Visitor: 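One structure coming up, written as structure tokens, with questions to follow.
Positions are given from 1, in the same order as the sequence printed here. Treat the numbers as computed from the prediction; the structure is a model and nothing was measured.
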Amino acid sequence: MDLGCGRIPTLTRLPFSALICATMDQKILSLAAEKTADRLQAFLQTLKEEDLANLLQNQAVKGRAVGALLRAIFRGSPCSEEAGALRRRKIYTCCTQLVESGDLQKETASEIIGLLMLEVHCFPGPSLVELANEFIAAITEGSLTNGKSLELLPIILTALVTKKGNLVCGKDELSGEECKKQLISTLCSGRWDQRYVIQLTSMFKDVPLTAEEIELVMEKVFKMFSKLNLQEIPPLVYQLLILSSKGSRKRVLEGIIAFFNELDKQHKEEQSGDELLDLITVPSGELRHVEGTVILHIVFAMTLDCELGRELLKHLKAGQQGDFSNNICPFSIALLLSIARIQRFEEQVFDLLKASVFKSFKDLQLLQGSKFLQNLVPHPSCVSTMILEVVKNSVHSWDHVTQGLVQFGFILMDSYGPKKVVDGKAIETSPGLWRTPNQHACKLGGTILLETFKIHEMIRQEILEQVLNRVVTRASSPISHFLELLSNIIMYSPLVLQSCSAKITESFDYLSFLPLQTVQGLLKAVQPLLKVSMSMRDSLILVLRKAMFARQLDARKSAVAGFLLLLKNFKVLGSLSSSQCSQAIGVSQVHVDVHSRYNAVANEAFCLEIMDSLRRCLGQQADVRLMLYEGFYDVLRRNSQLANSIMQTLLSQLKQFYEPQSDVLPPLKLDACILTQGDQISLQEPLDHLLCCIQHCLAWYKSKVMPAQQGGEEEEEEEGFYQELDDMLESLTNRMIKSELEDFELDKSADFSQSTGNGIKNNICASLVMGVCEVLMEYNFSISNFSKNKFEDILSLFTCYKKLSDILTEKAGKGKTKAAGKTSDSFWSMKFVSELLTALFRDSTQSHEESLSVLRSSNEFMRYAVGVACGRRRGTVSGPDGQNPDKIFQNLCDITRVLLWRYTSIPTSVEEPGKKEKGKSISLLCLEGLQRVFSAVQLFFQPRVPLFLRALDVPDNEEEEVEATVTQRAAFQIRQFQRSLLNLLSSQEEEFNSKEALLLSASSPAWPSCWSPPPPRCYPGPPRSARKTAGDALFCKGVMNLLFSLHVAHKSPVALLRDLSQDIHGHLGDIDEDVEVEKTNHFAVVNLRTAAPTVCLLVLSQAEKVLEEVDWLITRLKGQVSQETLSEEASSQAAPPSHPVEKAVIMQLGTLLTFFHELVQNRPALGQLRGHLAEGPVQDVHHPHLTCQICVSEHERNPKIMEKLVKLSGSHLTPVCYSFISYVQNKSRSPQCAGGKKKPAAAGAVAVARVLRETKPIPNLIFAIEQYEKFLIFLSKRSKVNLMQHIKLSTSRDFKIKGNILDMLLREEEEREDDDEENREDAASEHGEQNREPAKKKRRKETKCLS
């Protein structure tokens, strides 16, 4: 390094030269010991600079007392003399060169630097400037060797500030402060060697810096970030954080976050590039460790400097307005989660993260629902993806992030989980389908906890404990999301959780106190653990046994649910039959090998013991027995080896209520099914459910088990009681057909009131008989093989069912159709409904014609079958396979295919007149069923919509099948409904069915997500449809909603709204009665009766949605403008970017202005829409005012398009708004004066309330106009364009008091007071009410003088 002096001679010297140096050294030290320095100064003046430099070099290299020599030289070189100052500067230059040479020991170099630091303040200003320039030149030229001498530079710069007077710095004379600023600017504008970036940054912490100087330093350091090795970043960040205490905390945090955000993006791109895998610059593990270290540095700095934390939160909150992907990134999220450990920031951090997550999902929902927004704005970065990336990255020893992740996961699940509604149930969709932002956020919380559980072993215990605590303690709240999380955790690795089995076993003690749904979810979740932990299974069995005999009914039901769940999951695959296991075996008597998949002996013994416990349930309440009957089918299907035990149990139970003699009528002992305790009568045995269970189990056994048993020792024994069950069901069928209602004492003369004991008993018996009839109908159909006799039996059973249903309907009274209620709870399985409908409507086999004609001859039966299909619309149904979504979906497809064929083949208009009697026609029921099925598929099976559409389009000949896209299939179905609706609208007026038209408009399977091209154009319908639908507001509303949904999926509906507003204006007329409005007929559905309020309210609602989208775009623009303002200097040379979003916003507002221009001029009838019409312009004026703010921020651009919008608002909206205000006020007063009659007090109060309600938005409208004009004035000044030339200020807001009107009102007031004095003698309440009436009129009339 050369700092300006001559080159120091080489270290190899002659002995004589060394002797001279030693003598010189002793001489200087001896002279320095004297009291005065005169002789020392004189001696030093005799020495040459080269000799002095050699002396210092020899002493420093040998490690002798160089400190004493330097102190002596400094004493003999006072800065007050020019020679002494010059010698000092040369010594400084020589010493810095020695320190940089690397030949000195560390202790010696440190001693030299320390002495130099102490003497810096003695230098005169010019010498300091020279020294600083030497350092800066060495830095920019890269001539530093180890950078040790840089410790002097901050002292030099600090000393410069203290110097008074002007100093020569370059070509200018500057003060010490200004000179320091220029030197720092020169240093920051030069090149820095990457080896000394950290030292240079550390150096500035000791220099007093202004805000501008700090910005210079920060910018230089951040430019050097990309040139440094990754391992050098953490110490540099540490120095920056120390430096930030002087100011620019926000800039430091911005720079760090931006750097790691860009680094993460580059790393992700490198990893995703297949052809560049060998060129990955930074290993993933190294990058994550560096990020983790930097985060620790920042968190530590925030514990010492709270202002740094506040700046971070403020910076990230400000970035939420627009596209926050530049601020919210995986690194910043990890940083926030680490900061959450600081107590003062914990709540703020989680609130910020919650708001970011919710806003991200809400924005995504808004984008998905608007084609207009999708075309303008690319899909924003998803915060949930970033958070999950943080979870993934936390595996690299990010222990400081883990606790925050766990807390945040539970906060999301607690805040956005399913909410409890009034009746105690939660509104939940099917598992795996999350639609609303709340559901998305809740799902994200569960995913965070699950992924954290998988990665971090140390946190597993805490996560599991918190989940179980919430399951146990929040019994009254919906906890399905926590149960799902628990199930996923256990499914991940049951063996891992064996160490936590004590906590799970402890939760079993609370089963008796938990709701049934919670118990079922908890036990289903822990099933994998029960298979590997014998002790846990034993504990559960003991708890369930106690619960079986608990006092609470819910506890017993929970026990049954638990036992049934165990039977389903512990399969018996051994060879031992049930008859050989006659004795009860204890739970733990048989050792279970947890390493084998199954242990046949243990499982069979375990299941038989449970069956023995369940048999005891058959003596308990009806609800407990009902649970048992509903669960046996699933147990049998999952554990077929228990078939004999289950069927024998059911058979013995049925025999208690069955009349064995074939000639006894009725065949069932219904009295034994009813429990009478004093005055309380209740159901004891749900006989219909028992028969339903037997029928389904028997059918499954015949179809699955018996074909597999081709002979064997047990076959004959098993066939015995199976045949007995068949015989009993056959006998039941025959005797039920022969029985009359009088046999059951349920004829029309019976009492069915709910207020008497006999009536309650008869209602229970009637319900049992109807259920038995339904079960027997399904049983006979399943064994019929299209036998005519069996179908006649089915029809006879239905006749019995129908008679009883009609009696109950008649007895229940008007408005309470018992049969309709029964249809939704039918015992028919979905599979049977599907097969029955297919046979009734689509079976054209010749051999089946005769038998099916029996069923087809009964319109009531076919109507009932379709009605049951309409009831099977929920995602979860009872009966066999009721919990199997695949089976449900398949049955839904089959049912829909039949209903669709039936409706399109035989529409309502061509159906036989006889089939339309008594209620809805079959075609209309089919259409209603289709509408419900479409809703169910979209709600519960949306991912399977393509499969659903494919299932509806099954050709008769499989060879003719051609592959069609989902869009083509959806379009085909839509065209069918369009054709039907057109045919209906084109029919004769007396044949028009508004109910069918409404269902058709709602049944169009309009799934915009399935359409890649734009949807087909929606038709307005033929002109005469307006006559037919004139009085049908519901149909009009359905068609308009369909029109809007199709239009929004294609483009923005503002043009459509404009056309509709013109139609409405033409039909309703203008507020100025002298103006004749030209009628337009864009849409035939808009006519005099539907225009107000139906269509008008719908278009206002749609306009509100459009304004919401515009508001979202303006908020996004604000964020972009603020970000562009920050980087304005960097991009000042570039041309201003074009903003299609801004143009689109202004175009939307312009079209909406014309829409409100038409709508506000309407003459609303009787105040139906005045309040709504006033609220619309408030928002429409408010949004141009916001757009003005955007244009003010972007005043560099010429806002020509904004000028057009302002001109349009001045000519089209604000003038008609004032006319509308005057119209509303006049109409509000007119009813008070009409006819000159005084209204009663109650009517007057209602009128006052109505007037106040209608005129409430008017002050807001006036205020919005004033704010709009205020910002127009501001924008005019900034843009030098007179925008106010298009706005005409109205005088109606000046509120001037008209003297003549005031005098007239005062005179009227005096006359009223005189009348009041005369009438005070009558103290009747009626007269009192009349006396108070003029006061109200006075208030109304006073408003007239405000013009």
Visitor: Is there a side-chain contact between Lys227 and Met224, using heavy atoms and a 4.5 Å cut-off?
Guide: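 Yes. Closest side-chain heavy atoms under 4.5 Å.
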Visitor: Looking only at atom types and distance, does a side-chain atom of Thr201 sit under 3.5 Å from a main-chain N or O of Val197, one as donor and one as acceptor?
Guide: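 Such a contact is found between Thr201 side chain and Val197 backbone.
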Visitor: Are there over 12 heavy-atom neighbours, none belonging to Tyr238, within less than 6.0 Å of that residue's OH?
Guide: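 No.
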Visitor: Would you say that more than 12 heavy atoms from the other residues, nucleotides or ligands in this model lie under 6.0 Å from the CZ of Arg39, or not?
Guide: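 Open.
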Visitor: Looking only at heavy atoms, what is the nearest atom pair of Trp398 and Ala334, with distance?
Guide: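 Answer, listing the atom of Trp398 first, then Ala334: CZ3-CB, 3.7 Å.
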Visitor: What orientation do His289 and His396 show, parallel under 30°, tilted 30 to 60°, or perpendicular over 60°?
Guide: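 Perpendicular: the ring planes of His289 and His396 meet at over 60°.
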Visitor: Apply side chain to side chain contact (heavy atoms under 4.5 Å, CB included) to the pair Lys181 and Leu160, showing each step before the final yes or no.
Guide: CA-CA 10 Å; Lys181 179 179 179 180; Leu160 262 178; over 6 Å; no
Visitor: With sequence neighbours excluded, tell me which residues meet salt bridge (charged side-chain N to carboxylate O under 4.0 Å, His left out) with Arg310.
Guide: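 Partners of Arg310 by the salt bridge (charged side-chain N to carboxylate O under 4.0 Å, His left out) criterion, ordered by chain and then number, come out as Glu307.
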Visitor: To the nearest 0.5 Å, what is the distance between CD1 on Ile136 and CD on Glu141?
Guide: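 These two atoms lie 11.5 Å from each other.
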Visitor: If you define the side chain from C-beta out and look only at heavy atoms, does anything of Gln231 sit under 4.5 Å from Glu286?
Guide: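 A side-chain contact exists here, since the closest heavy-atom pair is under 4.5 Å.
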Visitor: Please report the interatomic distance OG(Ser244) to CG(Leu253), rounded to the nearest 0.5 Å.
Guide: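 Reported to 0.5 Å precision, the distance equals 7.0 Å.
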Visitor: Provide the closest heavy-atom pair for His400 versus Ser338 in the form atom of the first, atom of the second, distance.
Guide: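 Between these two residues, the closest heavy atoms are ND1-OG, 2.9 Å.
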Visitor: Tell me, do Leu157 and Val161 make a side-chain contact under 4.5 Å, heavy atoms counted?
Guide: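 They are not in side-chain contact.
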Visitor: With Val294 as reference, evaluate Leu236, Leu241, Val237 under the side chain to side chain contact (heavy atoms under 4.5 Å, CB included) test and give the passing residue.
Guide: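 With Val294 as partner, Leu236, Leu241, Val237 yield a single side chain to side chain contact (heavy atoms under 4.5 Å, CB included), made by Val237.
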Visitor: Starting from the C-alpha separation in whole Å, work towards a yes-or-no answer on side chain to side chain contact (heavy atoms under 4.5 Å, CB included) for Asp264 and Cys329.
Guide: CA-CA 9 Å; Asp264 283 338; Cys329 59; 5.9 Å; no
Visitor: Got a salt bridge between Glu213 and Lys180, using NZ or NE/NH1/NH2 to carboxylate O under 4.0 Å?
Guide: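 Looking at Lys180 together with Glu213, the answer is yes, because their closest N to O distance falls below 4.0 Å.
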Visitor: Can you list the steps and then say if Leu263 with Leu287 is a side chain to side chain contact (heavy atoms under 4.5 Å, CB included)?
Guide: CA-CA 9 Å; Leu263 204 61; Leu287 174 61; 3.3 Å; yes
Visitor: Which atoms form the tightest heavy-atom contact between Tyr92 and Leu115, and what is the distance?
Guide: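 Taking Tyr92 first and Leu115 second, the nearest heavy atoms are OH-O, 4.4 Å.
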Visitor: Does the side chain of Thr108 reach to within under 4.5 Å of the side chain of Leu98, using non-hydrogen atoms?
Guide: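 Counting from C-beta outward, Thr108 and Leu98 never come under 4.5 Å.
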Visitor: Quick one: closest heavy-atom pair of Val401 and Val390, and the distance?
Guide: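 Of all heavy-atom pairs spanning Val401 and Val390, the closest is CG1-CG1, 3.9 Å.
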Visitor: Is any side-chain heavy atom of Pro208 closer than 4.5 Å to one of Thr158?
Guide: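 Thr158 vs Pro208: side chains touch.
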Visitor: Find out whether Ile155 and Val207 are in side-chain contact, i.e. whether some heavy atom of one side chain is under 4.5 Å from a heavy atom of the other.
Guide: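 When only atoms from C-beta onward are counted, Val207 and Ile155 do not touch, as no gap falls below 4.5 Å.
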Visitor: Output yes when Glu219 and Arg251 qualify as a salt bridge under the 4.0 Å nitrogen-oxygen rule, no when they do not.
Guide: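 The answer is yes: the pair qualifies as a salt bridge.
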Visitor: Counting C-beta onward and ignoring hydrogens, is there a side-chain heavy-atom pair between Ser149 and Phe135 closer than 4.5 Å?
Guide: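 Contact flag for Ser149/Phe135 side chains = yes.
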Visitor: Looking at side-chain heavy atoms only, is the closest gap between Glu232 and Asn229 below 4.5 Å?
Guide: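 A side-chain contact under 4.5 Å exists here.
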Visitor: In sequence, state the C-alpha distance, the side-chain angles, and the governing distance for Val252 and Glu311, and then conclude on side chain to side chain contact (heavy atoms under 4.5 Å, CB included).
Guide: CA-CA 10 Å; Val252 170; Glu311 284 294 336; over 6 Å; no
Visitor: Any chance you could measure Trp192, atom CH2, to Leu200, atom CG, to the nearest 0.5 Å?
Guide: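 Here the interatomic distance stands at 5.0 Å.
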Visitor: Classify the angle between the aromatic ring planes of Phe331 and Phe260 as parallel (below 30°), tilted (30 to 60°) or perpendicular (above 60°).
Guide: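 Phe331 vs Phe260 ring planes: parallel.
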Visitor: Does the Lys250 side chain pair with the main chain of Leu308, one donor and one acceptor, at a distance under 3.5 Å?
Guide: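 Side chain of Lys250 to backbone of Leu308, a donor-acceptor pair under 3.5 Å: no, none is there.
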Visitor: Roughly how far, to the nearest 0.5 Å, is OG1 of Thr210 from CD1 of Ile184?
Guide: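 That separation rounds to 7.5 Å.
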Visitor: Check this for me: does any side-chain nitrogen of one of Lys246 and Asp206 sit under 4.0 Å from a carboxylate oxygen of the other?
Guide: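 Salt bridge absent between Lys246 and Asp206.
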Visitor: Taking all non-hydrogen atoms of both residues into account, name the closest pair between Gly190 and Lys220 and its distance.
Guide: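 Minimum heavy-atom contact is O-NZ, 2.6 Å.
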Visitor: Between CG of Leu352 and CG of Leu336, what distance do you get to the nearest 0.5 Å?
Guide: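 Separation between the atoms: 5.5 Å.
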Visitor: Ignoring hydrogens, what is the shortest heavy-atom contact between Phe222 and Ile256? Give both atom names and the distance.
Guide: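 Phe222 and Ile256 have their closest heavy atoms at CE2-N, 3.7 Å.
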Visitor: List the atom pairs, donor and acceptor, that lie under 3.5 Å between side-chain atoms in residues 124-132 and the rest of the protein, sequence neighbours left out.
Guide:
| from | atom 1 | to | atom 2 | distance (Å) |
| --- | --- | --- | --- | --- |
| Glu130 | OE1 | Arg89 | NE | 2.8 |

Visitor: Can you measure from CD (Gln239) to NE2 (His297) and round to the nearest 0.5 angstrom?
Guide: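 It is 9.5 Å, given to the nearest 0.5 Å.
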